[in-house]
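Structure first, then comments.
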Amino acid sequence: MSSQFVEISFKIKYIICMRIRNAQEKDTEKLIDLLQQVLELHAKIRPDIFIPGTTKYTSEELKMLIRDESKPIYVAVDDTDTVMGYAFCQIKQQPFSNNMIQFKSLFIDDLCVDAACRGQHIGEQLFEHVKSEAKKLGCYEVTLNVWAGNTGAEHFYEKMGMKTKERMMEIIL
């Protein structure tokens, strides 16, 4: 009698305890860290525009922003309440023209997942949370801008169902 051995391979997916909540002042330091990660990516893509080693907001500006209800910041946190990612948003009235239908929009000003936490679907869950909040707020749409050259972000947002609405073009003088 012979025996056969069958090799079975499988992947174990990360199962993380995560929840999404509104940002709090205690999150400021981690938010600054994540803002720096985003800035460094943008500085590599457009060194003619972005200054490496800086952030979009100071700690004080960020604390004020966290209190601004028209600019919600959602954070994904683990079971120890450590921030793993964020979505900075702004409620906007669109468009700015008398010849178009007026509506409310939730603009994603910035979305980032900590480099150490990527690949765990945190960005997808943040994006879905933003969509859900936008519906609760009575928004018609969710919008955002992506810098040309940030192909990872472009692919992510396309995967989430987003499509190009309009494009901003430039000529450098």
Where does the angle between the aromatic ring planes of Tyr140 and Phe103 fall among parallel (under 30°), tilted (30 to 60°) and perpendicular (over 60°)?
-> tilted
So, do Leu144 and Val146 sit near enough that their side-chain heavy atoms are less than 4.5 Å apart?
-> yes
Under a 4.0 Å N-O cut-off, is there an ion pair linking Glu141 with Lys165?
-> yes
When clusters are formed from ILVMFWY side-chain contacts under 4.5 Å, directly or step by step, what else is grouped with Met64?
-> none
Near Ile49 CD1, under 6.0 Å, is it more than 12 heavy atoms from other residues, nucleotides or ligands?
-> yes
Between Phe107 and Phe88, is the gap from one ring center to the other below 6.0 Å?
-> no
Between the side chains of Tyr74 and Asn22, does any donor sit under 3.5 Å from an acceptor?
-> no
Looking at residues at least two apart in the chain, or sitting in another chain, which of them share a side chain to side chain contact (heavy atoms under 4.5 Å, CB included) with Asp81?
-> Arg19, Arg21, Lys26, Val77
Rounded to the nearest 0.5 Å, how far does CG of Leu31 lie from CG of Leu62?
-> 5.0 Å
From CA spacing to verdict: side chain to side chain contact (heavy atoms under 4.5 Å, CB included), Met18, Asp78 | CA-CA 5 Å; Met18 186 199 83; Asp78 65 14; 6.0 Å; no
Intermediate values then yes/no, side chain to side chain contact (heavy atoms under 4.5 Å, CB included), Ile66 and Asp68 | CA-CA 6 Å; Ile66 287 170; Asp68 187 343; over 6 Å; no
Which residues share a side chain to side chain contact (heavy atoms under 4.5 Å, CB included) with Glu158, sequence neighbours left out = none
Does the distance from a Lys or Arg side-chain N to an Asp or Glu carboxylate O, for Asp27 and Lys30, drop under 4.0 Å?
-> no
Could you label the plane-to-plane angle of the Phe127 and Tyr157 rings as parallel, tilted or perpendicular, counting under 30° as parallel and over 60° as perpendicular?
-> tilted
What about Val142 and Val75, same hydrophobic cluster or not, with Ile/Leu/Val/Met/Phe/Trp/Tyr joined at side-chain heavy-atom distances under 4.5 Å?
-> no
Salt-bridge criterion met for Glu124 and Lys159 (N-O under 4.0 Å) = yes
Mind checking whether Leu34 and Leu126 sit in one hydrophobic cluster, side chains of I, L, V, M, F, W, Y counted as touching below 4.5 Å?
-> no
Could you pull out the closest heavy-atom pair between Arg118 and Cys112, with the gap in Å?
-> NH2-SG, 4.2 Å
When every non-hydrogen atom of Ser105 is compared with those of Gln94, the smallest separation belongs to CB-CG, 3.5 Å
Which residues satisfy the side chain to side chain contact (heavy atoms under 4.5 Å, CB included) test with Met168, sequence neighbours excluded?
-> none
Report all side-chain donor-acceptor pairs from residues 35-46 shorter than 3.5 Å, counting only partners two or more places apart or in another chain.
from: Gln37; atom 1: OE1; to: Ala115; atom 2: N; distance (Å): 3.0
from: Gln37; atom 1: NE2; to: Asp114; atom 2: OD1; distance (Å): 3.2
from: Glu40; atom 1: OE2; to: Gly53; atom 2: N; distance (Å): 2.7
from: Arg46; atom 1: NE; to: Asp48; atom 2: OD1; distance (Å): 2.9
from: Arg46; atom 1: NH1; to: Glu170; atom 2: OE2; distance (Å): 2.6
from: Arg46; atom 1: NH2; to: Asp48; atom 2: OD2; distance (Å): 2.7
from: Arg46; atom 1: NH2; to: Glu170; atom 2: OE2; distance (Å): 3.1

Look at atom NZ of Lys56 and say whether more than 12 heavy atoms of other residues, nucleotides or ligands are closer to it than 6.0 Å.
-> yes
Side-chain heavy atoms under 4.5 angstrom apart, residues restricted to Ile, Leu, Val, Met, Phe, Trp, Tyr: same cluster for Tyr86 and Leu106?
-> no
Are Val83 and Tyr57 linked, directly or through other ILVMFWY residues, by side chains that come within less than 4.5 angstrom of each other?
-> yes
His129 NE2 to Ile122 CD1 distance, which is reported to the nearest 0.5 Å = 14.5 Å
Do the non-hydrogen side-chain atoms of Cys89 and Val130 ever get within less than 4.5 Å of each other?
-> yes
Enter the distance from Ile20:CD1 to Glu133:CD here, rounded to the nearest 0.5 Å.
-> 9.5 Å
Gln93 side, atom CD; Cys139 side, atom SG - distance, nearest 0.5 Å = 8.5 Å
In sequence, state the C-alpha distance, the side-chain angles, and the governing distance for Ile108 and Thr143, and then conclude on side chain to side chain contact (heavy atoms under 4.5 Å, CB included).
-> CA-CA 6 Å; Ile108 299 175; Thr143 61; over 6 Å; no
Please check if Met160 and Val113 belong to a single hydrophobic cluster, counting links between Ile, Leu, Val, Met, Phe, Trp and Tyr side chain heavy atoms closer than 4.5 Å.
-> yes
Take Ser59 and Ile32, measure what side chain to side chain contact (heavy atoms under 4.5 Å, CB included) needs, and give me the verdict at the end.
-> CA-CA 7 Å; Ser59 291; Ile32 292 289; 4.1 Å; yes
d(Gln120 CD, Gln125 CD) to nearest 0.5 Å is 10.0 Å
Taking every heavy atom of Leu137 against every heavy atom of Lys104, the minimum-distance pair comes out as O-NZ, 2.6 Å
Answer yes or no: are there more than 12 heavy-atom neighbours, outside Gln102 itself, under 6.0 Å from its atom CD?
-> yes
Return the set of residues passing salt bridge (charged side-chain N to carboxylate O under 4.0 Å, His left out) with Glu128 (not counting sequence neighbours), or none when no residue passes.
-> Lys131
Nearest non-hydrogen partners of Thr164 and Arg167, listed with the distance = CG2-CG, 3.8 Å
